[in-house]
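Notes for the one structure printed next.
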Amino acid sequence: MVQKVMSLLHETSPYERFLAEGTGFDPQGRGADHPVFAREISRLSPELIIEVGTWTGASALHMARVARGLGLTTEIVCVDSFLGDVEHWTLPRRRSELRLEFGYPQIYRQFLANVVHAGLEEIITPFPCTSARAARILDREGVRCDIAYLDAGHEYRDVMTDIQDYWALVRDGGVLIGSGFRADRPGVRTAAREFGAAIGQDPEVDGDRWVLRKE
């Protein structure tokens, strides 16, 4: 990419006047430091990573640190509505994670604060948008990535839509990494296997992460 996606999406940096002092550092995310990230970043030296489903940014922060440690100039675009998944609204034990204020989630504020506290504003680009709409916008702008990482919705229809949308944005030679390949996420496993079969691949499974390669 000649132009950073940050400048395509934002006239001024979202971090420019954001005050992080009132919000502590609190990234959340199971398996955010899974070895698949370092392995693929080291292998591909990516110019652009698109993460779909960011939450408070734990995995994005990890990938940014890996890229910086390798001396790369990687940009990570974080796509998320920051409004929560079905489970956050339907399961009482998950609702507190939304950090509701006047009935509206405050996850985006926590995400921005985490990036600022980590000093990774030059690497991580926020894109507060639904995954489907973001994919259309990025495609219209001609954006292509080396790695797409999917960890948004976990129901079959949502996962399959994200796979199809973001596979189209992966450059030849790049990879699509997904999360949630486990027994309690049957929609994820079915979608990954069905799409893999359609392109003649079996997903490479490592724990609950899975990979498809765009050879």
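Worth saying up front: this structure is predicted, and the values here are computed from it rather than measured.
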- Output yes when a side-chain donor or acceptor of Tyr166 lies under 3.5 Å from a complementary backbone atom of Ala135, and no otherwise. yes
- Task: Any chance you could measure Phe82, atom CZ, to Tyr108, atom OH, to the nearest 0.5 Å?
- Result: 6.5 Å
- Query: Where do Gly84 and Trp55 come nearest, in terms of heavy atoms and distance?
  - Reply: CA-CZ3, 3.8 Å
- Message: If I take atom CG from residue Asp33 and atom CE from residue Met63, how far apart are they, to the nearest 0.5 angstrom?
- Response: 12.0 Å
- In a check of side chain to side chain contact (heavy atoms under 4.5 Å, CB included) between Trp167 and each of Leu212, Leu150, Asp162, which one passes? Leu212
- So which heavy atom on Asp26 is nearest to which on Asn114, and how close? N-OD1, 2.8 Å
- Task: State whether a side-chain donor-acceptor pair under 3.5 Å links Gln28 with Thr56.
- Result: no
- Query: When you check the gap from the basic side-chain N to the acidic O, do Glu40 and Arg213 get nearer than 4.0 Å?
  - Reply: yes
- Shortest non-hydrogen separation from Val175 to Val170 and the atoms involved: N-CG1, 3.7 Å
- Correct closest heavy-atom pair for Leu169 and Val143 would be CD2-O, 3.7 Å
- Query: From Leu9 CG over to Leu138 CG, what is the distance, rounded to the nearest 0.5 angstrom?
  - Reply: 6.5 Å
- Ion pair check, Asp206 and Arg39, cut-off under 4.0 Å: yes
- Donor-acceptor side-chain pairing of Glu51 and Ser59 below 3.5 angstrom: yes
- Distance-only, no hydrogens or angles: does the Gln106 side chain make a donor-acceptor pair with backbone N or O of Tyr104 under 3.5 Å? yes
- Minimal non-hydrogen separation, Met6 against Pro14, with atom names: SD-CD, 3.7 Å
- Task: Output yes when a side-chain donor or acceptor of Asp146 lies under 3.5 Å from a complementary backbone atom of Gly174, and no otherwise.
- Result: no
- May I ask you to decide whether Asp208 forms a salt bridge with Arg185, counting only side-chain N to carboxylate O separations under 4.0 Å? no
- Item | Stepwise salt bridge (charged side-chain N to carboxylate O under 4.0 Å, His left out) check, Asp165 with Arg136 | CA-CA 8 Å; Asp165 286 348; Arg136 292 197 298 271; over 6 Å; no
- Query: So how far is it from Thr23 OG1 to Glu21 CD, rounded to the nearest 0.5 Å?
  - Reply: 9.0 Å
- Any donor-acceptor N/O pair, Glu75 side chain to Val5 backbone, under 3.5 Å: yes
- Item | Polar side-chain atom of Gln110 near backbone of Gly24 as donor-acceptor pair, under 3.5 Å | yes
- Task: Verify whether one side chain among Arg94 and His88 offers a donor that lies under 3.5 Å from an acceptor in the other.
- Result: yes
- Item | Non-hydrogen atoms of Ile41 and Pro46 that approach each other most closely | O-CD, 3.4 Å
